[in-house]
Colleague: 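My structure is below; once you've seen it, I'll send some questions.
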Amino acid sequence: MNMSTKIISTLSILLLMYGSYLAERHSKLPRFDIFKSHCIHLAASGDKDVCKKCPAPKTTTTPTTTTTRTTTTIPPTTPKPKVTDLRLPTSVSPLHYNIDITTFIHSSDPSQFSYEGTEKIWIQCNTPADNVTIHFRVLTIDPASIKFYGDPVSSDDPRYVTSSIDLAREFFVIKLDSNMQAGKIYILELGFTSPIKNDMVGLYYSVYSNNGKTTYLATTQMEPADARKAFPCFDEPALKATFNMSLVHPSSMISLANTLLVNTQPAFTVDGVDYVRDTYLPSPKMSSYLVAFVVCDFSFKSAVSKNGVLFRAWTTNSSIDQIDYALSVGTETLSFYEDFFGIRFPLPKQDMIGIPDFASGAMENWGLITYRQKYLLYEEGKSNEYDKEIVTFVVTHELAHQWFGDLVSPRWWDDLWLNEGFATFMQYLGVDHVQPDWKFFDIMTIRELQKAMSLDSLVSSHPLYVPITLIDDILQIFDSVSYSKGGCIIRMLRQFIGVETFKRGMNRYLTRYMYSTATHNDLWDAIAEQTALDGKTIDVKDIMNTWTVQMNYPLVTVTRDTSSPDVIIVSQQRYLSAKNAVDPGTYQTLYGYKWTIPVTVTSSKNPNFDEFSADVLWLTRNETSKSFTFGAANLPDINDPNGWILANIAQVGYYRVTYPVSNWLALSNQLKTNHEVISAVNRGQIINDAWSLVRSGDLGIDVALKLFDYLDNEHDYVPWFVATNEFKYLSQMLSLNPLFGRFREYMKDKYGKSFKYFGLDNTGSSHLEIGARQLVAKGACSYGVKECLDAAISLYRQWMADPRNNPIDPDLKPVVYCSAIEAGGLEEWNFGLKIYTDPAMFSETNYLLDALSCSKDVWLVNNFISYVIQDNSPVRKQDTIPLLTTSTSKTLPRILFWNFFKANFDKFMSIYGTQISLANVIISATSAFNTDYELADLKAFKAAHEGQWGSASKSIEQAIETVSSNVKWMKDNQAAIDQWLADAGY
């Protein structure tokens with residue numbers, strides 16, 4: 001153990017060479033085949049340092065690209081081989097792991113960071129086999145360390161002979177000299193080493209400034225398939241086991257793991273640095289992707305939950321005073337979920353830790369939740385309401401996973417939505433509990449349902465339950481379908497079976513499958529049993545399968561029966577935003593794109609916007625159309641031009657609604673005369689449905705445009721959020737069109753009127769009022785309302801004059817920063833960049849990152865975009881994807897980035913090609929393309945890089961479909977917009 005980190009890699013190569021020699025004695029393979037195979041594996045995965053350990057060959061080839069991630073991704077200039085059988089053999093299952101890992105991160109040179117580990121795995125033989133196959137990636141496994149024997153040991157136990165690797169499947173295969181005995185337990189021992197990179201997967205290092213000193217920590221991110229990069233393992237969610245962790249690290253640092261620390265003992269000294277070994281309690285039975293550990297020098301604050309769980313929140317020493325709010329939310333939410341599910345949290349402690357470099361928003365590791373640092377920090381007076389909201393949002397989401405995902409895990413990634421859909425739904429319950437004034441169930445319609453419906457309206461979407469055959473397939477379904485649609489259909493289920501039945505059904509499901517895995521059918525069976533016990537005749541499984549095993553959703557048409565004034569007619573058809581799109585047939589449906597739909601209806605005669613399960617009208621998957629007697633007392637006179645009906649109360653149902661044009665006009669008139677007769681959620685629904693129907697060609701744009709007329713009197717956040725999104729789409733479609741100048745004047749007047757009401761003063765405002773004010777101010781400043789721009793520029797200049805005293809309301813910082821940098825020049829931009837890179841100004845970084853792309857100077861924005869592939873970029877790697885996603889919603893950055901992306905495709909994909917959120921960048925950067933030329937260029941670019949899109953391969957298909965729809969939209973609607981603007985005096 002007493003060896004310098006500088007010789008670890010070299011020694012591991014020598015061990016590997018010796019292992020190759022031993023392997024030769026047991027096989028007919030050339031001596032260095034295993035050695036060579038491992039070296040190729042490491043080099044192809046981005047660890048080019050391994051090449052320096054061997055003599056140079058006579059002929060060398062210089063790699064054309066260099067990847068910075070230590071994964072088994074083949075360099076992007078070569079298409080990855082398609083593997084359709086990536087599952088492990090079922091002959092053995094893991095029972096328990098003893099893992100001992102030593103991290104060498106005390107050097108000042110991170111290129112020398114490495115770790116070494118040993119492990120024992122207790123496995124049970126299910127069927128006789130003469131090999132054991134486990135997962136690994138970018139690990140050097142020492143063949144001399146491999147041992148295999150029975151528990152208990154027996155003279156007829158099979159013996160380890162040799163090993164081989166399957167790079168495409170990331171398999172390490174241990175060959176035995178005879179078959180294992182079914183039912184017997186065996187022990188596998190391994191030793192392994194690996195570099196520690198800053199690649200944000202597996203075991204990696206993160207870096208931050210601590211009082212001006214560069215400080216490093218080691219941390220992990222295993223989901224979905226990166227535990228194999230940290231230690232050899234059975235890396236599939238169904239292969240649960242218990243874990244005993246021992247972590248060896250410098251004594252100046254601390255370590256954290258899933259469970260409580262048992263003891264700390266001296267280990268050894270290397271390079272004058274004392275190391276200690278921390279030993280942890282065994283974990284509950286859990287999936288490998290939930291294993292987590294951290295070695296750092298952080299501080300913490302703690303509390304104890306109602307049921308005695310120790311709850312700790314960890315962060316850097318300089319930000320420890322910003323952790324209190326997250327700790328409070330976490331402690332309260334944990335207790336709330338225990339009561340709601342009727343199941344105690346099974347661990348004695350729950351840690352949350354903010355990591356400076358973290359690719360995702362957060363990760364639900366059991367007992368040790370890791371977060372992107374900003375999602376744990378909130379500072380009164382400096383952070384804004386949205387910061388507070390996002391902390392609440394993410395904490396409640398991750399804690400929901402401690403039951404949905406950790407206690408009960410999906411059997412395979414094809415049911416990922418069971419994790420993410422339920423956590424998405426439960427976070428709204430959690431937020432509603434800790435912040436009831438925020439009305440977060442109203443927010444769910446605009447943050448989740450409408451977002452999911454946008455993606456799920458494409459033929460390139462996917463079902464919630466989706467077959468998985470490739471690692472890239474797993475990465476691609478971490479999207480708004482799995483998260484948001486999943487959460488919304490659970491919300492819909494809760495509404496039609498009733499709240500209490502839903503709660504009891506959840507308890508039944510979680511209790512039955514705790515410490516195990518389940519499928520969506522297991523969930524439906526458990527809820528169906530509870531529904532029957534509660535005396536309700538609802539075929540839960542048959543209903544819900546129409547929503548989970550086929551993609552897209554229905555368009556529900558509601559009309560009046562002219563011959564029977566007390567009857568309404570409800571019909572369904574598949575909704576697609578691009579009717580001319582050709583379904584590639586990737587996913588088959590058993591239901592012919594028909595759904596069993598819970599329809600709710602109200603009207604102008606007796607407007608009622610409360611949702612009750614007893615009020616549901618059922619249109620089944622076997623019915624295209626159906627008549628319902630709604631009652632003359634509940635319907636307006638059929639000849640009343642101002643009488644309206646409205647379906648999908650509170651937009652709980654996952655479907656769109658349309659009506660005859662006369663009903664749309666009546667709804668529009670109601671909004672203009674007294675919009676508050678209709679609930680805020682349904683006002684937002686009306687706008688969203690109408691504009692979506694324009695995109696699909698099911699409603700004329702002249703009707704949808706009328707819905708904007710009433711906004712001068714709208715003061716609620718939800719409708720303004722929806723209207724802002726529809727204005728954004730219009731602006732994107734017209735941004736390079738001759739009509740844009742006139743459209744901008746219209747928008748300037750529209751936002752100007754509302755800005756006079758809202759202004760920039762948040763004094764005494766509620767959470768939702770602040771949100772509405774921010775939306776209106778952002779629109780007013782971006783379209784050039786003078787009062788807004790003057791105020792923003794003045795405030796920013798005051799801050800420039802005194803950087804340590806920021807006079808800007810935290811809730812208006814995003815608007816002010818963007819507006820001032822757009823109106824200013826190099827001086828304003830440089831000031832923003834200086835503050836962004838100042839560790840002492842961490843609270844400002846979130847706002848400035850996006851604002852720096854607001855500049856109107858082409859060279860500045862182009863230079864800023866180029867940072868994303870620079871080695872010493874001032875922009876953290878974790879912030880690149882979010883930056884590009886938000887900045888490409890603006891015209892100039894979008895154009896510049898797309899050209900940059902095409903010119904630097906290989907390097908960009910080598911850095912970010914396996915990040916889950918890369919898809920968001922592709923979709924955002926192409927979202928405004930709307931010409932035949934842009935469509936042809938996009939298709940040609942995709943074809944030129946076929947097989948190289950990694951985790952974005954589905955998103956590029958979705959981008960092409962969206963752009964095709966945009967092209968048709970412009971051809972169908974440009975003349976009508978021209979006329980609308982002329983009629984309005986522009």
Side-chain angles (χ1 to χ4, degrees), residues 491-499 501 531-532 534-540 542-544 546-547 553-575 591-670 677-679 681-683 685-686 689-690 693 698-699:
R491 176 178 178 240
M492 182 172 69
L493 167 69
R494 175 179 178 261
Q495 190 268 341
F496 70 71
I497 67 173
V499 173
T501 296
T531 304
D534 289 352
K536 300 175 181 179
T537 55
I538 300 174
D539 191 339
V540 171
D542 187 74
I543 294 169
M544 297 308 293
T546 66
W547 299 95
Y553 53 88
L555 170 61
V556 172
T557 302
V558 182
T559 59
R560 299 288 298 275
D561 186 338
T562 55
S563 63
S564 301
D566 61 345
V567 172
I568 60 172
I569 302 169
V570 180
S571 60
Q572 65 164 304
Q573 65 187 76
R574 182 188 187 186
Y575 175 82
Y591 303 107
Y593 291 106
K594 294 292 188 293
W595 292 260
T596 298
I597 309 168
V599 180
T600 52
V601 180
T602 189
S603 77
S604 57
K605 182 71 173 290
N606 185 19
N608 183 357
F609 291 91
D610 294 324
E611 352 153 12
F612 298 103
S613 57
D615 297 331
V616 172
L617 309 174
W618 286 103
L619 183 65
T620 73
R621 61 181 175 85
N622 298 315
E623 299 168 322
T624 301
S625 182
K626 188 175 183 179
S627 297
F628 295 94
T629 301
F630 202 61
N634 296 313
L635 292 171
D637 188 292
I638 203 164
N639 296 313
D640 181 1
N642 294 318
W644 47 263
I645 51 178
L646 188 149
N648 201 5
I649 296 171
Q651 208 173 10
V652 172
Y654 189 76
Y655 54 88
R656 296 206 180 280
V657 186
T658 191
Y659 317 92
V661 170
S662 59
N663 196 79
W664 279 111
L665 295 176
L667 287 169
S668 178
N669 187 58
Q670 179 66 72
V677 169
I678 299 173
S679 71
V681 173
N682 281 111
R683 298 199 297 271
Q685 175 218 0
I686 290 168
D689 276 349
L693 294 168
D698 291 295
L699 185 67

Colleague: Test Leu667 against Tyr659 for side-chain contact (heavy atoms from CB on, under 4.5 Å), laying out the working first.
Modeller: CA-CA 10 Å; Leu667 287 169; Tyr659 317 92; 3.8 Å; yes

Colleague: Determine whether the side chains of Thr501 and Asp534 contain a donor N or O and an acceptor N or O closer than 3.5 Å.
Modeller: yes

Colleague: With side-chain contact (heavy atoms from CB on, under 4.5 Å) as the criterion, how do Phe628 and Val599 come out once you've worked through the C-alpha distance, each side chain's angles and the decisive distance to 0.1 Å?
Modeller: CA-CA 11 Å; Phe628 295 94; Val599 180; 5.9 Å; no

Colleague: Is the closest side-chain heavy-atom distance between Lys605 and Asp640 below 4.5 Å?
Modeller: no

Colleague: Compare every heavy atom of Ile597 with every heavy atom of Pro554, then report the nearest pair and how far apart it is.
Modeller: CG-CD1, 3.6 Å

Colleague: How many angstroms lie between CG in Leu646 and CD in Gln651, if you round to the nearest 0.5 Å?
Modeller: 10.0 Å

Colleague: Kindly determine whether Thr658 and Asp689 satisfy side-chain contact (heavy atoms from CB on, under 4.5 Å), including the steps that lead there.
Modeller: CA-CA 8 Å; Thr658 191; Asp689 276 349; over 6 Å; no

Colleague: Can you confirm if the NZ or CZ of Arg621 lies within 45° of the ring axis of Tyr591 and under 6.0 Å from the centre of its six-membered ring?
Modeller: no

Colleague: Would you say that Val652 contacts Arg494 through its side chain, given a criterion of any heavy-atom pair below 4.5 Å between the two side chains?
Modeller: no

Colleague: Give a yes or no answer on whether the side chain of Thr602 reaches the backbone of Phe609 with a donor-acceptor pair at less than 3.5 Å.
Modeller: no

Colleague: In Å, rounded to the nearest 0.5 Å, how long is the span from CZ of Arg560 to CG of Leu635?
Modeller: 4.5 Å

Colleague: Output, in order, the C-alpha distance, side-chain angles, deciding distance and verdict of side-chain contact (heavy atoms from CB on, under 4.5 Å) for Trp547 and Tyr654.
Modeller: CA-CA 9 Å; Trp547 299 95; Tyr654 189 76; 4.0 Å; yes

Colleague: Between Lys626 and Trp618 (side chain of the first, backbone of the second, donor and acceptor by atom type, cut-off under 3.5 Å), is there such a pair?
Modeller: yes

Colleague: List for me each residue that meets side chain to side chain contact (heavy atoms under 4.5 Å, CB included) alongside Ser571, sequence neighbours excluded, and say none if there are none.
Modeller: Thr557, Ser625

Colleague: Nearest 0.5 Å please: distance from the OG atom of Ser604 over to the CG atom of Asn634.
Modeller: 11.0 Å

Colleague: Show the nearest heavy-atom pair for residues Phe630 and Val601, with the distance to one decimal.
Modeller: CZ-O, 3.3 Å

Colleague: Do Pro607 and Trp644 touch side chain to side chain, with heavy atoms closer than 4.5 Å?
Modeller: yes

Colleague: Which value, rounded to the nearest 0.5 Å, describes the distance between Asn648 atom CG and Asn682 atom CG?
Modeller: 7.0 Å

Colleague: Under a 4.5 Å cut-off applied to non-hydrogen side-chain atoms, are Thr546 and Lys594 in contact?
Modeller: no

Colleague: Roughly how far, to the nearest 0.5 Å, is the CD atom of Gln572 from the CD atom of Glu623?
Modeller: 8.5 Å

Colleague: Is the backbone N or O of Ile645 less than 3.5 Å from a side-chain atom of Asn663, with the two atoms forming a donor-acceptor pair by type?
Modeller: yes

Colleague: Are Gln573 and Tyr593 packed together at the side-chain level, in the sense that at least one heavy-atom pair is separated by less than 4.5 angstrom?
Modeller: no

Colleague: Once you round to the nearest 0.5 Å, how far does CD1 of Ile569 lie from CG of Leu619?
Modeller: 12.0 Å

Colleague: Mind checking whether Ile638 and Thr562 have side chains closer than 4.5 Å, heavy atoms only?
Modeller: yes

Colleague: Hey, are the side chains of Leu555 and Leu693 touching, using non-hydrogen atoms and a 4.5 Å cut-off?
Modeller: yes

